[in-house]
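Lettering follows sequence order; numbering is per chain, from 1.
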2 protein chains.
Amino acid sequence: MDRRQRKTREAIFNSFTNLLSKKEFNQITVGEIIEGADIGRATFYSHFETKDFLLKEFCEELFCHIFDTEKNSQNEHRHIFECNSSEPIFLHLFKHLQQNDNNILALLSSQNNELFLRYFRINLETLIESHLSLFESKKSDNLPDLFWKNHIISTFMGTLKWWIDNKMKESPEVITEYFFEVL
Amino acid sequence: MDRRQRKTREAIFNSFTNLLSKKEFNQITVGEIIEGADIGRATFYSHFETKDFLLKEFCEELFCHIFDTEKNSQNEHRHIFECNSSEPIFLHLFKHLQQNDNNILALLSSQNNELFLRYFRINLETLIESHLSLFESKKSDNLPDLFWKNHIISTFMGTLKWWIDNKMKESPEVITEYFFEVL
DNA sequence: ATATTAATGAACAATTTGTTCGGTAATGTA
DNA sequence: TACATTACCGAACAAATTGTTCATTAATAT
């Protein structure tokens, strides 16, 4: 990718983040974005078809990183604990959220959180799917598999929502404990 | 309220519902709404400050009705079953959703479902709050009350989401069973 | 019967969107 | 270094949308 393209894309994302922390997504105009990014109007449209596509790619880059980390750390953790528990993975995820990515959390707790939580959920779904077998023991037999999967995801999202709304006062360890407690 | 006002308001709501079933909220313009409602532009703005206020009042009227029914039926149910179980209330809510209000469900399952689920959640919160004591027995002692409340709400919303996504194939009885099963 | 209030419709400025195009400058490659 | 490619510029553009104004008409409540 051309360095100019990278720089422009970066500038757009930065301006976008900046605006997102101040106002609702719907209220943000392309004019504001390009003003903040200091680029021409035509340039914006040569990068992104619409504002919605910008959001989509933005979220993909944002969450792709954190969930890739989880995926990669998964084997490592299995190694350390030498057990089948899925707890380390979620603990690690909560830790990652609290410590390493204030950027992401600023967005998850912003006025646009529903927007980001939606995208977060999509990524979470993939992660949980690959760990579904680890929850099997807690599942009642009469529940449909897909209902059970949906419930795990909802519970995680609910836990995260509560933690964020609650200013993340609790430690990742405690939150992980709560998460498994209610499951 | 003046009959003309009522009629206009009704016409706006009807046109709005109509459009909501076809496209995303953000894509709907005031022009389309007034065209469908067959009223003048100035008239619309004399009723609603903005499109967002229209949505707000629309949701309030919509969900206010269903949750009021629940609230009123609550005593009745307690009477019939002569027990403290909260199950009848939620069963009744699922039944109400499936049978009596295709209008509401069309919206909850439309492209705008996130929008309506948000408002639904707000109303649900109030309902659950007044029944919190009935869930006490299932709660672990070390969980904060507010976390527990949040989890009940998330679980209900998750159940509802799954049910709607799943075209409501299951009976309200089964869904209620699932709901209490995972709780 | 009358005063009040709501709806009309047309016109209005202001904002925003998405596109076009010739010119300029940075970039990757040979 | 020289060259061809490609991204950016920026100004201008039509089209759509927003939200307001105002004089006129018609329905309503009492």
Original post:
What is the distance from CG of A/L19 to P of C/dT16, rounded to the nearest Å?
Top reply: 12 Å

Subject >> Donor-acceptor pair present, A/R41 side chain and D/dG10 base, under 3.5 Å >> reply: no

**OP:** Go through B/K139 and B/D145 one step at a time and tell me if the salt bridge (charged side-chain N to carboxylate O under 4.0 Å, His left out) criterion holds.
**Re:** CA-CA 9 Å; B/K139 172 180 169 292; B/D145 289 346; 3.5 Å; yes

Original post:
Between B/S46 and C/dA6, is there a side-chain N or O to OP1/OP2 distance below 4.0 Å?
Top reply: no

Original post:
Side-chain N or O of B/H47 less than 4.0 angstrom from OP1 or OP2 on C/dA7?
Top reply: yes

Original post:
In this structure, are over 12 heavy atoms from other groups packed under 6.0 Å from B/E129 atom CD?
Top reply: yes

Original post:
Rounding to a whole Å, what distance do you find between A/I33:CD1 and C/dT15:P?
Top reply: 18 Å

**OP:** Return no unless some side-chain N or O of A/Y45 is found under 4.0 Å from OP1 or OP2 of C/dG18.
**Re:** yes

**OP:** Rounded off to whole Å, could you give me the CD1-to-P distance for the A/I34 and D/dC9 pair?
**Re:** 10 Å

**OP:** Indicate the ring-plane relationship of B/F90 and B/F179, choosing parallel, tilted or perpendicular according to the 30° and 60° boundaries.
**Re:** tilted

Subject >> Whether B/F147 and A/Y178 hold their rings parallel, tilted or perpendicular, with breakpoints at 30° and 60° >> reply: tilted

**OP:** Find the distance A/F44:CZ to D/dA7:C1' and express it as a whole number of Å.
**Re:** 16 Å

Original post:
In terms of the nearest nucleotide of DNA chain D, which residue is placed more toward the 5' end: A/D38 or B/G31?
Top reply: A/D38

Original post:
Rounded to whole angstrom units, what separation is found between the CG atom of B/N26 and the P atom of D/dT18?
Top reply: 11 Å

Original post:
Would one find more than 12 heavy atoms of other residues, nucleotides or ligands at under 6.0 Å from atom NZ of A/K138?
Top reply: yes

Original post:
How close or far is atom P of D/dT18 from atom CD of B/Q27, stated in whole angstroms?
Top reply: 11 Å

**OP:** Pick base, sugar-phosphate or nothing for A/T29, based on heavy-atom distances below 4.0 Å to the nucleic acid.
**Re:** sugar-phosphate

**OP:** Using a cut-off of strictly less than 4.0 Å between a heavy atom of the residue and any atom of DNA chain C, enumerate the qualifying residues of residues 1-17 of chain B by number.
**Re:** B/D2, B/R4, B/Q5, B/T8

Original post:
What is the distance from CD of A/E35 to P of C/dT16, rounded to the nearest Å?
Top reply: 11 Å

**OP:** Please report, rounded to the nearest Å, how far the P atom of D/dC8 is from the CZ atom of A/F48.
**Re:** 11 Å

Original post:
Do you know the tightest heavy-atom contact between A/F44 and A/I39?
Top reply: N-CD1, 4.0 Å

Original post:
For the residue pair B/Q98 and B/E170, what are the closest heavy atoms and their distance?
Top reply: NE2-O, 3.6 Å

